[in-house]
Structures are given as structure tokens and as C-alpha cells.
> 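I have a structure here, written as C-alpha cells, and I will follow up with some questions on it.
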Amino acid sequence: MRKKIVAGNWKMNKNLAETEALLSDLKTKLGKTEAEIIVAPTFTNLYNVTEALRQADIKVAAQNMHQAENGAYTGEISADMLKSIGVEIVILGHSERRAYFGETDALLADKVNTALKHNMMVIFCFGEELQDRKSDNHFSVVENQLKNGIFHIDASAWKNVILAYEPVWAIGTGETASPDQAQEMHAFIRATIAKAYNDTIANEVAILYGGSVKPNNAEEIFAKPDVDGGLIGGASLDAESFAAIAKAI
Ligand code: PEP
């Protein structure tokens with residue numbers, strides 16, 4: 001059985017006090033959910049959040065990581081640094097990293113390797129831009145992002161991978177892929193993995209949808225058979241709406 005996952009990407013939002021307040025609010029509002037819950041605070045808050053969640057059923061992810069083991073990379077964070085404070089999950093390939101920080105598929109392939117080498121769980125993000133969908137190239141764009149960014153890994157490494165399909169045109173725009181559009185792409189992703197690897201891997205990997213998921217649309221998106229949960233941006237910054245989304249699983 002595939003895992004259901006709801007992950008909140010807090011991006012560059014919330015200072016330490018605000019993060020701690022959001023977390024305690026979330027702990028009380030979350031209640032029972034079938035989903036595994038992950039939160040991704042900014043780097044400066046990772047240690048405190050990891051400590052605060054030691055006894056809780058919420059996991060912590062970093063929003064990014066450098067591919068090198070260590071060295072002269074001013075301002076960067078390594079896998080070992082993350083692991084040393086108890087962070088076992090990392091988001092890689094978010095569209096904002098690709099668009100604003102020039103992260104290419106090749107660079108992401110390196111980051112994936114480093115994270116897997118450190119036995120971290122990777123949330124690998126990808127998705128087409130609006131012009132790709134308008135020109136009917138969305139399937140080939142997604143296929144290439146997968147082939148060039150993650151299909152080099154060994155079959156045995158897929159147990160450490162979560163995929164997040166995030167059409168760029170739906171991120172932070174208030175525009176969501178329809179449940180049918182999400183299902184169509186998730187089924188395509190699974191078929192592409194089955195072709196490159198095998199049916200077992202394709203059926204076992206969790207594929208999250210991301211792009212303006214809110215309490216009012218989460219349930220119908222999550223109801224689709226190939227959608228295993230969501231990567232949530234804006235709505236995860238409010239405990240009540242994040243909890244409502246988590247309960248929509
Ligand atoms: C995201 O940034 O991964 C995301 C899905 O953002 P939002 O939910 O705000 O569209």
C-alpha cells in the first residue's frame with residue numbers, strides 16, 4: 001500500500017517565533033489523519049523544529065541541500081549538516097529553485113545522488129510551465145525532467161523517493177490543475193516509471209500533487225487514485241487550513 005503524505009513547504013516565511021507558534025497551533029489542530037505529515041521550515045528554524053517534533057508524529061524536511069559533501073561553498077548546507085540535526089528528508093527540484101536559482105536537471109541529479117548516499121528521503125519536484133501545457137508538451141517536459149533528474153538511480157533507491165508533480169502555472173497562482181488533469185499526469189508518471197523500471201516501483205512510489213491546494217479543493221484532488229497527497233505552499237502557513245487539507249486525505 002502506498003503512503004499518503006501531506007507536506008507543507010513554508011519557503012522563506014516565518015521567523016523562529018512565528019515558526020514555533022505555527023507548529024504548536026498545528027499540533028493541536030492536526031488531530032487524526034491518515035496522512036504522514038511533513039513540514040519544511042527554513043534552514044535557520046530546522047534545528048528548533050526538529051527538536052520540537054521529537055515526540056510528535058510530524059516529520060521535518062529541508063527545502064534544499066547542496067550536492068557537495070563539504071567545502072568552499074559559502075552559504076550552502078550539506079546533507080551531513082542536515083542529518084546531524086536529525087533532518088532525514090529533503091525537497092529537491094522545487095520550481096522556485098529551478099527558476100530563480102538556475103537548478104538544472106543535471107544539477108538535481110547530483111543532489112539526488114548525494115541525498116540518497118546519505119540515506120535521506122528525497123521529495124523530488126517537477127512540473128511543466130504554462131506554455132508547455134498550452135503547446136501540448138506537458139507530458140514530454142515531465143518525462144524529460146524525470147529521465148534527466150532521477151531515472152539514473154538504482155531500482156533499490158526508489159524506496160527513498162517521493163515524487164511531487166507541481167505544474168508551475170498552478171504554484172502560488174490560485175489556479176489549480178483540475179482533479180482530472182492531476183490524475184492524468186500522475187497516471188502518466190506512473191506509466192513512465194513502469195517503463196523505465198518496473199510495475200512494482202511505479203505502484204509503490206508516492207506521487208504528491210502541488211499547486212494551490214486549499215481546504216476547498218483538497219478532497220477532490222486527493223480522491224484521484226494516483227494522487228497520494230499534496231505538497232502545500234501557501235495554505236500550509238496557516239495551521240487551520242493545513243490541518244483541514246491533511247484531513248482531506
Ligand atoms: C509549492 O510551492 O510547492 C506550492 C504547491 O505552493 P502553493 O500551494 O502556494 O501553490
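Atoms within each ligand, like the ligands themselves, are counted from 1 in listed order. The figures here come from the full heavy-atom set of this structure, side chains too, leaving out hydrogens, waters and symmetry mates. Predicted, not measured: the structure shown is a model, and the values here were computed from it. Counting from 1, the numbers follow the sequence of the chain as shown.
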> Relative to the heavy atoms of Leu231, which atoms of ligand 1 are at a distance of less than 4.0 Å?
3 (O), 5 (C)
> Please classify the Ser95 to ligand 1 contact at 4.0 Å (heavy-atom distances, strictly less than): side chain, backbone, both or neither.
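Neither; nothing of Ser95 gets under 4.0 Å from ligand 1.
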> As an exercise, identify every atom of ligand 1 less than 4.0 angstrom from a heavy atom of Gly172.
7 (P), 9 (O), 10 (O)
> List every atom of ligand 1 that sits less than 4.0 Å from any heavy atom of Ser212, numbering the atoms from 1 in the order shown and giving each element.
7 (P), 8 (O), 10 (O)
> Among all the protein's non-hydrogen atoms, which is closest to atom 1 (C) of ligand 1, and how far away is it?
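Its nearest protein heavy-atom neighbour is His94 NE2, 3.2 Å.
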> Report, as yes or no, whether the 6.0 Å neighbourhood of atom CD on Glu76 holds more than 12 heavy atoms from other residues, nucleotides or ligands.
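Yes, the 6.0 Å shell around CD holds more than 12 heavy atoms from other groups.
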> Indicate the ring-plane relationship of Phe151 and Tyr197, choosing parallel, tilted or perpendicular according to the 30° and 60° boundaries.
perpendicular
> For atom 2 (O) of ligand 1, what is the closest protein heavy atom, and at what distance to 0.1 Å?
Lys11 NZ, 2.4 Å
> Give the C-alpha distance, both sets of side-chain angles, the deciding distance and a yes or no for side-chain contact (heavy atoms from CB on, under 4.5 Å) between Phe43 and Leu82.
CA-CA 9 Å; Phe43 282 125; Leu82 295 174; 4.0 Å; yes
> Run the side-chain contact (heavy atoms from CB on, under 4.5 Å) check on Met121 and Lys59 step by step: do they pass?
CA-CA 11 Å; Met121 197 78 197; Lys59 297 191 169 159; over 6 Å; no
> Is there a donor in the side chain of Asp154 and an acceptor in the side chain of Ser156, or the other way round, less than 3.5 Å apart?
no
> Under 30°, 30 to 60°, or over 60°: which ring-plane class applies to His186 and Tyr165, parallel, tilted or perpendicular?
perpendicular
> Counting each atom of ligand 1 from 1 as listed, which ones have a heavy atom of Gly234 under 4.0 Å away?
7 (P), 8 (O), 9 (O)
> Taking the basic N atoms (NZ, or NE/NH1/NH2) and the acidic carboxylate oxygens, is any pair closer than 4.0 Å for Lys11 and Glu96?
yes
> Return the option from Ser236, Cys125, Gly233 holding the heavy atom at the smallest distance from atom 7 (P) of ligand 1.
Gly233
> Check ligand 1 against Glu166 and write out every atom of the ligand that is under 4.0 Å from a heavy-atom position of the residue.
1 (C), 3 (O), 4 (C), 5 (C)
> Going by the atom numbers of ligand 1, which of them fall below 4.0 Å from some non-hydrogen atom of Ala170?
10 (O)
> Can you list the atoms of ligand 1 that are under 4.0 Å from a heavy atom of Gly211?
5 (C), 10 (O)
> Regarding Arg133 and Glu128, does a basic nitrogen lie under 4.0 Å from an acidic carboxylate oxygen?
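Salt bridge: yes.
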